[in-house]
Structures are given as C-alpha cells and as structure tokens.
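Reminder, nothing fancy here: chain letters follow the sequence lines and each chain counts from 1.
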Number of protein chains: 2
Amino acid sequence: MTMSNRASSSSARANALPRYREIYASLREKIVSGEWPAGHRLPSEHELARTFGCARMTISKALGTLADQRLVTRRRRAGTTVNMPRPQESVLEIHDIEAEIVAAGVSYAYESLARQIRRANGSDANTLGVASATPVLALTGLHLAGGRPHALEERLINLQAVPEARSERFHGISPGRWLLQRIPWTEAEHQIGALNADAAVARWLAIRPHTACLTIERNTWRDAQRITHVRLIYPCDQHRLVARFRYRPL
Amino acid sequence: MTMSNRASSSSARANALPRYREIYASLREKIVSGEWPAGHRLPSEHELARTFGCARMTISKALGTLADQRLVTRRRRAGTTVNMPRPQESVLEIHDIEAEIVAAGVSYAYESLARQIRRANGSDANTLGVASATPVLALTGLHLAGGRPHALEERLINLQAVPEARSERFHGISPGRWLLQRIPWTEAEHQIGALNADAAVARWLAIRPHTACLTIERNTWRDAQRITHVRLIYPCDQHRLVARFRYRPL
DNA sequence: ATTACAATTTTGCCTAGTCAAAAAAGAAGG
DNA sequence: CCTTCTTTTTTGACTAGGCAAAATTGTAAT
C-alpha cells in the first residue's frame, strides 16, 4: 500500500499544524461561533472524510478531540451532536505551598508546632477514613513566608500506608513536600471553605480573632488506600485560589 | 489486507474493555505501583507491540492516553518516560447555583436588587477588562434557597458582547443561567477567596456582620472577547467547593 | 577537545481498508 | 395504535503498513 503522504507535508510546509488539528479547529469554529448550535448533528465521518479529502481515521481523531473536550457527544448510529451549554468545570491548580512562596520570591520555612503518634480515635478515623485504632501521625505546623505566618496546617497521616513517616521529624521540610516526594498518589479531593479564625488560630497566624480565613482540606489516596488528610487555613488577605477552565491539551 | 480481527472480539467476549484500554491499564499499573519510577523510560512502541501482540497504533493510543493524563512524556527518538511527581491539579466543578439548589431538593428563586446600564467607569473597565466607556450592564441580586438568602451576586455584563441583555429584566431567571443558555463561552477563570461580611452584605444575606464568607469571582470570555464578570458571596456555613482530582476521562 | 555532520532510533501522523456493536429507522404483525 | 423484528447507518476498535520529523548517538574533521 504505497502512498504519497498528505499534501501538507510536501506542498504547504508553512503551516506546522497536523491535518487532524486543522480539521478540529475548523469544526470547533463552527460550534463556538454558534453556526452549529447545541443539538445540531454534524455530518458523518464518511461525509467529512470526503469533504476534507482525508481518511476516515483522521476525521475520527479530530471528532474524538472535540468529544474529549465535551464540545460534542458521539454515539454509534446516532452520530455526533453539538453539546453546547458546557458544564462549568475548571482546572484548579493547588500548588505545594513552599513552591508557591518561593516562586513569589519570598523565603520559606516550616515550623512544627505539634506532633503525635496515636491510634486513630473516632474523629481521626472519620476524617482520615480509616478503621478505628489504625496508627496515625497527627501534625500541626505553620508555613512561614518571609518569616511571617502564612498558613496553618493540621494533618493526619495514615501510618499503615506510610510507615516511614513514623521516624520523620519534619525539620525544615514540610510534611506535604516530604510525602509528595515519597509516595505517589492516584486520587485527591479538595474541599474549599471559609471560617472565622478562633482565638488559637488567630494567635498562630498573628491576625485578629474572627478574621475570615480560607480553608482547604485535602484527602489523598493511593488507589483504594487513604494516605493523608490535611487542612490548611489561610488568612483571607494572603491567599486566593485561581481556577482556569482549560481545554484539554490539544 | 484481510485480517482476522483481534482475539478479544471472538474468543474472550467476557471482558468488554477494548484492547488499548487493557494495555493502558497494564502500563499505568506499573507506573502507579512504583515499579517504573519517575524518569524510567518505557519500551518503544515497536517493542510493546510485539510483547502485547498488536499493531503499533494500538500501543500508540494507549501511550497517548497516558501522556494525556500527564503520567508520561513522549518525545521523538527520546522515547516515553515516566513523569511521576504529578502536578497537583484538580477539577473543580462550579455548578449553576440554581441547578445546585434544586438538586438538593430545595426551591430556588432569584431576586433582582439593582440593575443599571452605564458606560464603564474605571473600576468597571478594570474588573471586566474592557475599554473605558464601553456600555455595561451592572446587576446585583440574591439567590434564594427555600426562601432564605443563599448567595449574593454582583455582576457586570459587557453589552458589546451581549447586546440582547440590554432589554432583559431577569425576572425569575438568574443572569447566570440566562447567559449560559444564550451565549457560548470558550474560556473561564475563577478566583476563590474569603472575606468578612460588611454591614450591607450581612443585611442581604441575613447573617451577622463580620461572618466569614466564601467568594467566587468568575470571568468568562468568548475567544478574545470578555463576556461577563461575576462575584458570588456565600456565607461560610452554606457552601463548600469540592474539587476532585480526576484522570481525564479515559 | 570541540565542532560539524551523518546515521539511527523513536514517535507523530497518515492511509485504506476490516469487522463489530449500537441505535435509529422502517416493516410487519397483533 | 402499539409492539416486535429486521435492516441500515454510523461510530468504535483495530490492522499493517508508510513517510516525516525530532532527537540521540556515533563519527569525522578542525
């Protein structure tokens, strides 16, 4: 099956875009411009292959990309239909605090405030999602940016999943970074909320009591096993989260 | 080029997984288990095709999926290498408030508090990202869940992008939903923060002044054009955001 | 030793087909 | 009219190749 390859590789050398991307862009344009409104059924792969002058698989790849991005839905025999009122989902990047502070050009430090190994009590078992009496490591610490309090961290680590943590003292290195470097995780869940700082929190963070704070709770798993639970408390004027909707990397 | 199709379609009819997904799962397992640590180079496509007994393109699709999920990086000649310390990015679904409230089994209403058409002043131009004196629609309103205040909304709409909004009164329907149904957007950015309710906010939301609130600011674009900016203020005890790390839909 | 060039490997993208499964549309029967 | 069976369209998954581009590796010349 010898074949002269696609025209673009020899003739139109200027545009570096692969053919399926061109086709993708062309179809996407019709959708976002509103020319093909929600519910519209696009031509079949065969038909598109004829009009674009390429193999069906190339069309399939372009349509597949649109489907990955939730711009269209594809069903056998039913065809490909436009999917307009897009679900509002954004990609929220939750950075390592140290990296974030250093990136801002400020010195970073982690100060350990409390450390205890215990068998999980009811509350621990609940927040960490492990059986009661499972050995856990409970940590409280402060993230400092430029020597000033930046965030308060309350963490539980499942020692069954991370036995190496038992002997670690977390001097200098934050538990988050320590864990990240050691154990790969497969799932994570974040909950973001707000709270009024109570007296203890306000003291550690050097803010006035009752100041609004942003809280981020994170649970991480490796496949089915819970690894750690952490709650971070940021004074409202020191932190914002940015989430950006992003097409999946084309 | 006549060929008996893959074995799984005739012999192993039990497992519904396509071949490339099986291969994907098998490779992913090696990575998340740590057998192939970060930096490890996996076998070439040709080699994998031989070991798995399939065409190179099937392997390519499996590896492509891994690459889409950022588990590996692929470069010509350099091969495919494991990409372990995964960037912490989560998918945050920011729902339409109405849908969210109705889903919780509570009645929903939107109450308009203020509405003004004006030429963008300095502050408007800044938050909406348009030129000064561009016509904008400024709205303030309250989202009610079960008759009680749920969230306060402050919105600016670029009338150049959405001229139909000029004559809309937003009775019953919330501006967010109205916009979502009408104009497709291509980019969105969210900023999440916390604040202490001031007197006015506290009154509208029927909470005590100084209560911590979660704020979500959203900017939406259609390609390069700004469509709207909105700030939603939720009392801290009434709302949490949940972001889940998710592999991109396989 | 360093630089420049050539060879080789590996992925990226493509073609032109096949077989299979899903679902819609049409036909037939009650 | 409604149900059931059959046909047909359309996507899903795959094969077995091919050429091109990128990056590494090896080689030769300065």
Rounded to whole angstrom units, what separation is found between the [atom1] atom of [X] and the [atom2] atom of [N]?
X: Ile23(B); N: dA13(D); atom1: CD1; atom2: P; result: 13 Å
X: Glu45(A); N: dT18(C); atom1: CD; atom2: P; result: 16 Å
X: Met57(B); N: dG12(D); atom1: CE; atom2: C1'; result: 13 Å
X: His46(B); N: dT15(D); atom1: NE2; atom2: C1'; result: 14 Å
X: Tyr20(B); N: dG12(D); atom1: OH; atom2: P; result: 9 Å
X: Arg75(A); N: dA25(C); atom1: CZ; atom2: P; result: 10 Å
X: Lys61(A); N: dT11(C); atom1: NZ; atom2: C1'; result: 11 Å
X: Arg41(B); N: dT11(C); atom1: CZ; atom2: P; result: 7 Å

Using a heavy-atom cut-off of under 4.0 Å over every strand shown, decide if Thr80(A) touches base, sugar-phosphate, or nothing.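 Sugar-phosphate contact only - Thr80(A) comes under 4.0 Å of backbone atoms but never of a base.
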Can you find a donor-acceptor N/O pair under 3.5 angstrom joining the side chain of [X] to the base of [N]?
X: Arg56(B); N: dG12(C); result: yes
X: Arg77(A); N: dT8(D); result: yes
X: Arg76(A); N: dT11(D); result: yes

Using 30° and 60° as the class boundaries, would you call the ring planes of Tyr234(A) and His239(A) parallel, tilted or perpendicular?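 The rings of Tyr234(A) and His239(A) lie parallel, inter-plane angle below 30°.
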